[in-house]
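Just so it is clear, the values below take in all heavy atoms, side chains as well, and ignore hydrogens, waters and symmetry mates.
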Amino acid sequence: MFERTSGVLMHITSLPSPYGIGSLGADARAFVDFLRDAGQRYWQVLPLGRTGFGASPYQCFSAAAGNPLLIDLDTLVEDGLLTPGEARGADPHGSPDQVDFEAVEELRFPILRKAFARVTPELQEKIDAYAETQAEWLPGYALFMALREERFEGVALWEWPDEDILLRKPKALAAAREALRDEIAFRTFLQYEFHVQWQALRSYAHQNGVQIIGDIPIYVSPDSSDVWENPRFFKLNKDFSPKKVAGVPPDYFSATGQLWGNPVYDWKALEKDGYKWWIWRMRQNMELYDVVRLDHFRGFESYWEVDAGEETAVNGEWKKGPGMKLFRAIEAELGEVKIIAEDLGIITDEVRKLLDESGFPGMRVMIFGFNSWEDNCHLPHNYVPNSIVYTSTHDSQTICEQIMDLCRPEDADFARDYIRWDGKEPLAWAAIKSVFFSPAAIAMTQMQDVLNLGADARMNVPATLGGNNWKWRMRREGMNGEVASFLRRATVTSRRHKPYQLTPEERAELEADAAAEAGTDEDASEAAETEANA
C-alpha cells in the first residue's frame, strides 16, 4: 500500500507566526516548501479539532470541527474581512518558542467576530452551501458550542442546568436555535473559514508533492457534541457524565497507567447500528487527510475500561473491542482507506493478529529501543517493511533528551554506537539517518529531532495536564537550507526519494556532491598508496 518514503511530524500550532500560534497561512505554506526542498513526501499533523481545557488536540469538542485558532488572520485581511491593524491586535507578544493558549484565545475570538460581522451576502451564500454539505454534524456542533460558551458559560456537558436541553427535547432545541441564531451563524462561519483555508493548504501541499498524514484519536472528549448527540454509543450516566472511562494500565509512560477520562464506546450499540458513526467519522477525516493514523489501535482489539470515579488507571479491566468487524464495515462503505495503526503499548498476540489481518502498517519508535541488554522491535534493524517508524513522537522525549539526559550511561553509549554518531554532526541527525536506512516503508522524524532539540522542545508528557504540554513552537529560521539539505541527502541516499521526483537543480547538486566525495576518496587512496611506497 505504501511506497518507500519519508516525512516530518509537526503540528500546525507549532508553526511560526506573528500571532502567537501557528496557522493555515503563509508559514504553513513555507513549511510545505521546506518539506519539498528536503525531499519529503509526508507532513504528519496532530488532530485539528477545537481543543478545550489543557489544549490537548486529543480532547476536542467535536470529532469533525476544525480549531478556529488555526484560521489565518492574514488571509482574512486579504479577503477584506479584517484590517491589518485588527489582525495585529491578535499578537499576545509572548514567547516565540511557546503557545500561550489562554492569551491567544482571549485575543483571537473578538477579532474573529469582527470578521464575521463583515460577511457579505455573496460570502454568506458560500457559507450556506458549505453548511449543507456538512449537515450530518455542523448544525449540532454549532448549537452545542453556542449553548456551552454563551448560555451555560463554559461548563461541561454534564453540568448543564437545563435538563430539556441536555436530553435534547425537540421544543427546547428549537427554542435554543432561535434564541442563539447569530451565535450559531458565527460558529458556522468559523468552520467554513477553517475548511476553505485547510483545503487550500492541502492543495498547495499536493502541488508540491507533499501528502498529509492526520491523526484520529480512538476516543472523543466527554464534553463534546459527539457525546451530546449520540449518547447511545457511549457508556454514560443519566446526566451524560461518563460511567466508564478509557485509559491504559501501567506501562512505559506511567507507573500508574494513564487515565484519559474519555467515555468508552458501547460497541454493541455501534455494531447494531452498522458502525455508521465510525464510518461517518472516517469519511470526514479522509476529506481532511491523505492518510490517517489510528491512535491506540490496540483498543480496537481490547480496551482498558475503568470506573469513572477511580483516581488512576490501575484498577481497570480489559474489554473486547470490535476487531475486524469495524474495519470491514468501513471498507465496505468507503473502499480502501490508507490507515496507519498506532500499535504501541501493551501488545498481545491477539492485537498482532488483528494488525496482520487488517494489513495496516504498525508503528515503531527508535528511542524505545535504546537498551543495551535487549534487542527489541524498536531498533531499526528489526523494522519490518510494512511499518511506519519514528525517531521519537509527540508523546515522547526527543532523541537528544533520551540519549543525553534520560538513558543510563551504558544505554547512552549503546545508543551513540548504534546510530554511529561521530560527534561531527548533530546527534539527532545520526539517529534520523539510522531510521531512514531501515527496511520500513515510511520513515518519519519529529521536527524537534530535525533541529537537534532537547527537553525544552518536548510536545507532551502523557498522563499529565498543564505544564508545557502542546506549547512548543518552531522559530522561522528553523526552516533553513542547511537543514533541508541534510534531510534531502538522507532521503535520497536511503532511496526514499524517487529519482524522477528530483528537480534538475537537485539532481545536479547531488551529482556534484557525489563527484566531490568520490574525488576525496581518490585523493585519500593516492595518499595512502604514496605513503606505502615510501
- Task: Decide, yes or no, whether a salt bridge links E342 with R298 under the criterion of side-chain N to carboxylate O below 4.0 Å.
- Result: no
- Between Y275 and W280, does the ring centroid distance fall short of 6.0 Å? no
- Once you round to the nearest 0.5 Å, how far does CD of Q44 lie from CD of Q446? 9.5 Å
- Item | Ion pair check, R496 and E3, cut-off under 4.0 Å | no
- Task: Could you pull out the closest heavy-atom pair between F436 and R4, with the gap in Å?
- Result: O-NH2, 3.2 Å
- Message: Before you tell me yes or no, could you show the steps for D72 and L76 under side-chain contact (heavy atoms from CB on, under 4.5 Å), namely the whole-Å CA-CA distance, both residues' side-chain angles and the distance that decides it to 0.1 Å?
- Response: CA-CA 7 Å; D72 181 57; L76 298 184; over 6 Å; no
- Item | Approximate separation, where rounding is to 0.5 Å, of I388 CD1 and I340 CD1 | 3.5 Å
- Query: So R202 and D290, salt bridge (Lys or Arg N to Asp or Glu O under 4.0 Å) or not? Walk me through it.
  - Reply: CA-CA 9 Å; R202 185 183 177 195; D290 302 296; 2.9 Å; yes
- Query: Would you find a donor on one side and an acceptor on the other, under 3.5 Å apart, between the side chain of N480 and the backbone of V483?
  - Reply: yes
- Are a donor atom and an acceptor atom from the side chains of D74 and Y19 found within less than 3.5 Å of each other? yes
- Query: So do I12 and L24 actually touch side chain to side chain, heavy atoms under 4.5 Å?
  - Reply: yes
- Task: Of all the heavy-atom pairs spanning V248 and W304, show the shortest one and how long it is.
- Result: C-CD1, 3.7 Å
- Modelled atom types, side-chain donor and acceptor of S56 and N469, under 3.5 Å: no
- Item | From CA spacing to verdict: side-chain contact (heavy atoms from CB on, under 4.5 Å), I367, L406 | CA-CA 11 Å; I367 60 169; L406 301 179; over 6 Å; no
- Which distance, rounded to the nearest 0.5 Å, do you find between the CD of E331 and the CD1 of I339? 9.0 Å
- Query: Should we say atom CG of N382 is surrounded by more than 12 heavy atoms from elsewhere, each under 6.0 Å from it?
  - Reply: yes
- Any donor-acceptor pair under 3.5 Å linking the side chain of D411 with the backbone of N371? no
- Donor on one side chain, acceptor on other, S224 and S62, under 3.5 Å: no
- Item | E350 side chain to T348 side chain, donor-acceptor N/O pair below 3.5 angstrom | yes
- Evaluate the ring planes of Y58 and H394, with Trp represented by its six-membered ring, and classify them as parallel (under 30°), tilted (30 to 60°) or perpendicular (over 60°). parallel
- Does the side chain of Q40 come under 3.5 Å of the side chain of S6 through a donor N or O and an acceptor N or O? yes
- Let me see the working for V435 and Y390 under side-chain contact (heavy atoms from CB on, under 4.5 Å), right down to the final yes or no. CA-CA 7 Å; V435 168; Y390 297 77; over 6 Å; no
- Item | Under 3.5 Å: donor-acceptor pair, side chain of N262, backbone of V220 | yes
- Message: Which label fits Y265 and W267: parallel for a plane angle under 30°, tilted from 30 to 60°, or perpendicular past 60°?
- Response: tilted
- Just do the salt bridge (Lys or Arg N to Asp or Glu O under 4.0 Å) check on K320 and E301 with the steps written out, would you? CA-CA 6 Å; K320 293 300 291 183; E301 191 285 317; 2.2 Å; yes
- Query: Between F297 and F327, is the ring centre distance below 6.0 Å?
  - Reply: yes
- Query: Should we say atom NZ of K276 is surrounded by more than 12 heavy atoms from elsewhere, each under 6.0 Å from it?
  - Reply: no
- Exercise: do Y204 and D33 side chains pair donor with acceptor under 3.5 Å: yes
- Message: Would you say the rings of F233 and W277 are close, in the sense that their centroids are separated by under 6.0 Å?
- Response: no
- Verify, without hydrogens or angle tests, whether H378 (side chain) and V365 (backbone) share a donor-acceptor contact under 3.5 angstrom. yes
- Item | Student check: side-chain heavy atoms of R41 and T491 closer than 4.5 Å | no
- Close aromatic pair by centroid cut-off 6.0 Å: W43 and H11: no
- Query: Considering only heavy atoms from C-beta outward, does the side chain of T493 approach that of F437 to under 4.5 Å?
  - Reply: yes
- Message: To the closest 0.5 Å, what do you measure between CG (L48) and OH (Y289)?
- Response: 3.5 Å
- Task: Take R488 and D37, measure what salt bridge (Lys or Arg N to Asp or Glu O under 4.0 Å) needs, and give me the verdict at the end.
- Result: CA-CA 7 Å; R488 185 174 64 248; D37 294 345; over 6 Å; no
- Establish, from distance only, whether the side-chain atoms of Y418 and H381 form a donor-acceptor pair under 3.5 Å. yes
- Is it the case that more than 12 heavy atoms not belonging to M286 sit under 6.0 Å from its CE atom? yes
- Task: Please tell me if the side chains of I399 and M366 come closer than 4.5 Å, counting only heavy atoms from C-beta onward.
- Result: yes
- Ring-ring centroid check Y303 W318, cutoff 6.0 Å: no
- Message: Checking side-chain polar atoms at under 3.5 Å, does S17 have a donor or acceptor matched by the opposite partner on D27?
- Response: no
- Given side chains that start at C-beta, do those of P68 and R50 come closer than 4.5 Å, heavy atoms only? yes
- Item | Atom pair CD1/CG of I419 and D422 - distance to nearest 0.5 Å | 10.0 Å
- Query: About how many Å separate CG of D100 and CZ of R473, when rounded to the nearest 0.5 Å?
  - Reply: 10.5 Å
- Test log, rule side-chain contact (heavy atoms from CB on, under 4.5 Å), inputs I432 and F486: CA-CA 10 Å; I432 290 169; F486 156 71; 4.1 Å; yes
- Message: For the residue pair R283 and W137, would you count it as a cation-pi contact if the rule is NZ or CZ under 6.0 angstrom from the ring centre and within 45 degrees of the ring axis?
- Response: no
- Item | Candidates R475, R476, K471 - the one meeting salt bridge (charged side-chain N to carboxylate O under 4.0 Å, His left out) with D97 | R475
- Message: Measuring only between side-chain heavy atoms, which start at C-beta, is N468 closer than 4.5 Å to Q98?
- Response: yes
- Task: Test R328 against every option in E357, E271, E333, E336 by the salt bridge (charged side-chain N to carboxylate O under 4.0 Å, His left out) rule and name the one that passes.
- Result: E357
- Can you name the one residue among R352, R364, R293 that meets salt bridge (charged side-chain N to carboxylate O under 4.0 Å, His left out) with D343? R364
- Message: Applying side chain to side chain donor-acceptor pair (under 3.5 Å) to S485 and R489, what does each step give before you reach the verdict?
- Response: CA-CA 6 Å; S485 179; R489 292 173 191 278; 3.3 Å; yes
- Message: Under 3.5 Å, is there a donor on one side chain and an acceptor on the other for S203 and Q207?
- Response: yes
- Is any side-chain heavy atom of L326 less than 4.5 Å from a side-chain heavy atom of F300? yes
- Query: Would Q397 and D405 count as having a side-chain donor-acceptor pair, cut-off 3.5 Å?
  - Reply: no
